[in-house]
Amino acid sequence: MGTFSHALSIHFPSSLAFSKHCYYSTVTTTDTDDTERNSNGTQFLISMRNLCRSGQVKNFGEALDLFQRMARMKPLPSVKDFTLLLGVIVRLRHYTTAISFVKHMYSSLGIEPDTITLNIVINCLCRLKLISFGFSVLGTMFKLGLEPTLITLTNLINGLCVQGNVAQAIVLADHMEKMGYPLDVYTYGVLVNGLCKMGDTSVAVGWLRKMEERNWTPNVVVYSTVIDGLCKDGLVAEALNLCSEMSGKGVWPNLVTYTCLIQGLCSFGRWKEVGSMLDEMMKMGMMPDLQTLNILVDAFSKEGKVMQAKSVIGFMIIMGEEPDVFTYNSLIHIYCLQNQMNEAMRVFNFMVCRGCLPDIVVFTSLIHGWCKNKNINKAMHLLEEMAKMGFVPDVVTWTTLIGGFCQAGRPLAAKELFFNMHEHGQVPNIQTCAVILDGLCKGNLVSEAVSLVGAMEKSNLDLNIVIYTILLDGMCSAGKLNAAWELFSSLPAKGLQINIYTYTIMIKGLCKQGLFDKAEDLLMNMEENGCLPNNCTYNVFVQGLLTNKEEIARSIKYLRIMRDKGFSVDAATTEMIINYLSTHKGDTGIQEFLFQKNSTFREFH
DNA sequence: ACTAATCGTA
């Protein structure tokens, strides 16, 4: 078993190993109470077990009281009784307390933790996103001569997944299989969920199939997870197929399954099918809940169908469901995007009047709205208001404000916010970096952007291809092609995968400098590197060629290639062809590319 | 006695 840690090369820190001192002193015990002795004690334990098993312990105070009474008993209750109560504490989400109780049990009460107790500790650590400590507890298990169970390892796999480290989770799962631990429904479920949450839905489907091959019947939870992943990937047809497939096996969709499918259909505006899905669901005896209805409100809002969104809210109220902060935010958000700040503020005031407390998301939506309306003062005022109400602006709020200052033509003020946000306890993330860099580039401050990227590279931020693509776009637009080319060439050495956007931006930049041969080479080079140019890439290249009347032959050549590949001429390209024709009336070679019969239809397909 | 899942903001 020691080979698990070896396989993952995980170092076990000793900080959470079970030493003789207690880290948390939440538990105080007094001398043994006579009432807890003997038959009374037995009576108490029986009622404690009943309370825990029936889910009647609803608040933390009761659980704490039970623990303290158990800790005072003589003789002490068994580990089994303690872990029963620990399970309740975990269900109440008091993870740190559960861990400190286990420590107290060991250091003060002398109860040796067993595998199941340590499984609880590992689960708590994983939920607290302290996965490396979870592995150190696994180390402790080995030291104590305890054999980890499948649940132990499933907890660790889940911890790795929750942390976003699905690759390592898979390594561990593969290793488990090789070591003779047959994975069970939970292990597969955890992995499938982790993969779906990371957006690796196709790999998740692979594990689902593997599970079926091993003769496990995935339950409705596992299927729903994959169905949701497929929907989020835009693969709604596959999601619907999987739903029929599971029904065929006697695994019936539940409210969650329907909710996932409804959201998938909503995001493609497939309203008719949304309607029949709701009908089907209700025919099966399931009523849409607040969450399902909120999805409808949000989807209608995003499509600009505010009337329909409001009628769903009406339905909600008829059904006895009070609209919540999600419901109101969907409306506020859409009004902000439509520059209807009066309406947005009206909904905001309405929700407050109805006793629905706004949250940080609502404030961020409104701040975004005021920024979009170039009313930075109102945005800053709201920032103050929310702070007064005790809300701490998060990284999303700051990013919104930074973007707002950029949009309002104040990139240097935005840069100041970027550097000052950490004083408010918030650290820029990759999106924040993207927003400020784009703002600086668009505000003709490319050199500022270049030096900022230099600073970001020195910090711990893991810069991705998107960041460099933004910078390359800025450099190309500013005419700094040589520097851009040098940076572009250095990207593979940084371990970054150049994508279609990066290539397209460089092709545009090269054309801007009249370097058409080099641009053409790059276009060819893309195909060789397994990055197929798309509609946009070809349009950008042809637009570049059309700026130079010497390149008309090459324009026609590429327009033909586009037609052969089934690509369409976009609006900007069409405009340039028309401009060319208006000054070169005799030139008929290019006319055939205007109003191509199929182009419009292709674009809508 | 211990293990997994659906909704909103840049």
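Naming convention: chains lettered A, B, ... in sequence-line order (proteins, then strands); numbering from 1 in each chain.
Legend: residues meeting side chain to side chain donor-acceptor pair (under 3.5 Å) with A/K302, ordered by chain and number and at least two apart, are A/D298. Partners of A/Y328 according to the ring pair (Phe, Tyr, Trp, His ring centres under 6.0 Å) rule, which considers only residues two or more places apart in sequence or in another chain, do not exist here. Not counting sequence neighbours, the partners of A/D438 by the salt bridge (Lys or Arg N to Asp or Glu O under 4.0 Å) test are A/K442. By the salt bridge (Lys or Arg N to Asp or Glu O under 4.0 Å) test, A/E212 pairs with A/R209, A/K249, sequence neighbours left out. Residues that satisfy the salt bridge (Lys or Arg N to Asp or Glu O under 4.0 Å) test with A/K129, not counting sequence neighbours, are absent from this structure.
The distance between atom CD1 of A/I367 and atom P of B/dA10, rounded to the nearest whole Å, is 13 Å. Between A/L230 atom CG and B/dT6 atom C1' there is a gap of 14 Å when expressed in whole angstrom units. Atoms CD1 (A/I89) and P (B/dT3) sit 13 Å apart, rounded to a whole Å. Here B/dA10 presents its C1' atom at 13 Å from CG of A/N329, a figure rounded to the nearest Å. Separating the CE atom of A/M316 from the P atom of B/dG8 is a distance of 14 Å, rounded to the nearest angstrom. Summarising the geometry, the separation between CD1 on A/I430 and P on B/dA10 is reported as 17 Å, rounded to the nearest angstrom. Regarding A/I151, its CD1 atom lies at a distance of 5 Å from the C1' atom of B/dC2, rounded to whole Å. Rounded to an integer number of Å, the gap from A/D298 CG to B/dT9 P is 6 Å.
Side-chain N/O atoms of A/K197 include one lying less than 4.0 angstrom from OP1 or OP2 on B/dT6. Between A/K372 and B/dT9 there is no side-chain polar atom (N or O) within less than 4.0 angstrom of OP1 or OP2. Dashed line: the shortest gap from a side-chain N or O of A/R49 to OP1 or OP2 of B/dA1 is not under 4.0 Å. At B/dT9, one or more side-chain N or O atoms of A/K302 fall inside 4.0 Å of OP1 or OP2 (strictly under the cut-off).
If you check every strand for non-hydrogen atoms under 4.0 Å, A/I116 touches a base. Looking at heavy-atom distances under 4.0 Å, A/V297 makes no contact with the nucleic acid at all. Contact annotation for A/Q291: base contact, defined as any heavy-atom pair under 4.0 Å involving a base atom. Among the protein residues, A/N429 comes within range of the nucleic acid bases, having at least one heavy atom under 4.0 Å from a base atom. Contacts of A/N219 with the nucleic acid, taken as non-hydrogen atoms under 4.0 Å apart, include base atoms. Contact annotation for A/V435: no contact, since no heavy-atom pair falls under 4.0 Å across all strands. Residue A/S224 is classed as having no contact, given no heavy-atom separation below 4.0 Å to the nucleic acid. Nucleic acid contact for A/D81: none, since no nucleic acid atom lies under 4.0 Å from a heavy atom of the residue.
The base of B/dA10 sits with one of its N or O atoms less than 3.5 Å from a complementary donor or acceptor on the side chain of A/T399. If you check distances only, the side chain of A/T83 does reach the base of B/dA1 with a donor-acceptor pair under 3.5 Å.
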Task: Criterion side chain to side chain donor-acceptor pair (under 3.5 Å) on A/Q308 and A/W271, from CA distance to verdict - done: CA-CA 11 Å; A/Q308 283 93 328; A/W271 304 112; over 6 Å; no
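Distance from the side chain of A/F326 is smallest for B/dG8 among the nucleotides B/dT6, B/dG8, B/dT3. When distances run from any side-chain atom of A/V256 to the nucleotides B/dT9, B/dT6, B/dC7, the shortest one goes to B/dT6. Considering only side-chain atoms of A/N119, the nucleotide from B/dC7, B/dA1, B/dC2 that sits closest is B/dC2. Looking at the side chain of A/N254, the nearest of the listed nucleotides B/dA1, B/dA5, B/dC7 is B/dA5. In this structure, of B/dA1, B/dA5, B/dA10, it is B/dA10 that holds the atom nearest to the side chain of A/V396.
Side chains of A/N294 and A/D324: a donor-acceptor N/O pair is present below 3.5 angstrom, by distance only. In the model, A/S244 has no side-chain atom that pairs as donor or acceptor with a side-chain atom of A/N241 under 3.5 Å.
Salt-bridge annotation for A/E177 and A/R214: present, with a side-chain N of the basic residue lying under 4.0 Å from a carboxylate O of the acidic one.
Within residues 259-271 of chain A, the residues that place at least one heavy atom under 4.0 Å from DNA chain B are, in residue-number order, A/T259, A/Q263.
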